Amino acid sequence: MSAAPPPETATTDALAELVAVVDRLRDPEGGCPWDLKQTHSSLIPYVLEEAHEVADAIRHGDDEHLCEELGDLLLQVVLHARLASEEGRFDLAQVARGISAKLIRRHPHVFEPENGSPATWEAIKAAERAARGAAESSLSDRLREQVRGQSALSGAMTISRKAAAAGFEWESIAGVWGKVEEELGELREAVASGDRAHAQSELGDLLFTLVNVARWCDLDPEEGLAGTNRRFLARFARVEEALGGELEGQSIERLEGLWQQAKAAIRAETTSAEASCSGEARP
């Protein structure tokens, strides 16, 4: 019986197999029609979706799910590299070597401890931008670069924090609440006017102001919304179950009643489980 290959060999072999599978899918002669018609732009929703699913698996502590979702995200990386290589722009090897070089460059305290460099990640990053002739001249330029890869919600929090640190800030949270009321009123007016573009803009203003509320209260809006999504789906599933999946034709009063029942039941179950874990439950 032959010995198992060392871990580094197994990893290399697995990555090579994935690259070969993607190559086959993109083969113009016998590949998959769906994969063949994809572009960098058409794959953007999938990259974002897979990244969010990785985050969701981490939040739930589900290793099996996390392993699967990391694979889905890795597929997106390999696909994009394959698309670029077909056009002679770059390939997966360049992607891997590029990030390795960047990590080594930005961790001198690990890879060159003898030099005793005190430079931080951000300082090194700024120096690299300056060397490329891409040094930003203003806070807005730096923020534009920083939030480019973030979700809109996370980007709003980044902008809010940096702007406040620079002095663009309310004197108290009362000013923030006043702004919330102002933006809510403007959203109502925009919706009533029937101007969709205006309403979309006002919705963004209201959401951005609520992010400022989160910052003042030291809350995480991304985590808050993710938690609300989970709670909604848990309650909605109970309503569906109570109605046998037949939601259409039900009165709003009936639906609201079942919603409140589901909410109370889940709260009671959670309280009971917490008491049991803390040793407070009694037989």
Side-chain angles (χ1 to χ4, degrees), residues 3-23 26 39-41 43-44 46-59 61 63 65-151 154-155 157-159 161-162 165 220 222:
E8 59 272 18
T9 301
T11 299
T12 301
D13 290 346
L15 287 173
E17 181 181 2
L18 174 59
V19 170
V21 169
V22 171
D23 288 347
R26 290 284 301 179
T39 65
H40 289 299
S41 295
L43 289 171
I44 288 175
Y46 301 100
V47 173
L48 297 174
E49 178 183 343
E50 300 305 349
H52 285 298
E53 289 181 354
V54 166
D56 183 68
I58 292 171
R59 292 189 187 103
D63 282 353
H65 187 202
L66 177 58
C67 181
E68 178 184 354
E69 297 303 339
L70 285 171
D72 290 343
L73 186 58
L74 179 59
L75 169 61
Q76 293 300 311
V77 175
V78 175
L79 263 174
H80 280 282
R82 166 70 192 203
L83 289 171
S85 69
E86 290 173 1
E87 299 174 1
R89 294 185 288 129
F90 60 83
D91 58 19
L92 186 61
Q94 287 171 275
V95 172
R97 291 193 185 102
I99 187 59
S100 293
K102 181 186 292 186
L103 289 171
I104 293 170
R105 195 168 60 245
R106 294 186 181 177
H107 291 82
H109 56 290
V110 174
F111 297 99
E112 297 180 6
E114 65 279 3
N115 293 337
S117 173
T120 65
W121 173 284
E122 287 301 325
I124 296 171
K125 185 176 179 181
E128 290 171 359
R129 284 197 298 261
R132 294 197 306 264
E136 294 85 4
S137 59
S138 66
L139 175 59
S140 58
D141 285 336
R142 294 195 299 274
L143 284 172
R144 192 174 291 108
E145 174 74 16
Q146 188 171 352
V147 305
R148 189 176 58 172
Q150 297 180 2
S151 70
S154 295
M157 178 59 91
T158 297
I159 293 170
R161 283 174 174 158
K162 297 290 186 179
D220 185 334
E222 194 83 39

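Everything quoted here is computed from the prediction, not taken from an experiment.
- Taking both residues in full, the closest heavy atoms of S85 and D91 are given as CB-CB, 3.9 Å, listed atom of the first, atom of the second, then distance.
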Problem - L43 and L83: CA distance, side-chain angles, deciding distance, side-chain contact (heavy atoms from CB on, under 4.5 Å) verdict - result: CA-CA 11 Å; L43 289 171; L83 289 171; 3.7 Å; yes

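- Applying the ring pair (Phe, Tyr, Trp, His ring centres under 6.0 Å) test to residues at least two apart or on different chains, the pairs with a partner in residues 88-108 are H107-H109, H107-W121.
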Problem - Residues T39, S41; criterion side chain to side chain donor-acceptor pair (under 3.5 Å); working and verdict - result: CA-CA 5 Å; T39 65; S41 295; 4.7 Å; no

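- For the atom pair CD1 (I159) and OG (S140), the distance works out to 10.0 Å, reported to the nearest 0.5 Å.
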Practice task
Run the numbers on V95 and H80 for side-chain contact (heavy atoms from CB on, under 4.5 Å), then give the verdict.
Solution key: CA-CA 10 Å; V95 172; H80 280 282; over 6 Å; no

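- For R59, the salt bridge (Lys or Arg N to Asp or Glu O under 4.0 Å) partners are E223, not counting sequence neighbours.
- Here the straight-line distance linking atom CD1 of I104 with atom CD1 of I99 works out to 10.5 Å at 0.5 Å rounding.
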Quiz: residues 68-78 side-chain donor-acceptor pairs under 3.5 angstrom, not counting sequence neighbours:
from : atom 1 : to  : atom 2 : distance (Å)
E69  : OE2    : H65 : NE2    : 2.9

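- R105 is linked by a side-chain contact (heavy atoms from CB on, under 4.5 Å) to A101, K102, E128, counting only residues two or more places apart in sequence or in another chain.
- Taken from CD in E49 to CD1 in I44, the straight-line distance is 14.0 Å, to the nearest 0.5 Å.
- Residues satisfying the salt bridge (Lys or Arg N to Asp or Glu O under 4.0 Å) test with R144, not counting sequence neighbours, are D141.
- Between H40 and R89 the shortest heavy-atom distance is NE2-NH2, 2.6 Å.
- Heavy-atom contacts from other residues, nucleotides or ligands closer than 6.0 Å to CD of E17 number 12 or fewer.
- The two residues S151 and E222 make their nearest non-hydrogen contact at OG-OE1, 3.0 Å.
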Exercise for the section: Would you please test E145 and R148 for salt bridge (charged side-chain N to carboxylate O under 4.0 Å, His left out) and show each step? Expected result: CA-CA 5 Å; E145 174 74 16; R148 189 176 58 172; 3.3 Å; yes

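- Applying the salt bridge (Lys or Arg N to Asp or Glu O under 4.0 Å) test to residues at least two apart or on different chains, the pairs with a partner in residues 73-83 are D23-R82, R82-E86.
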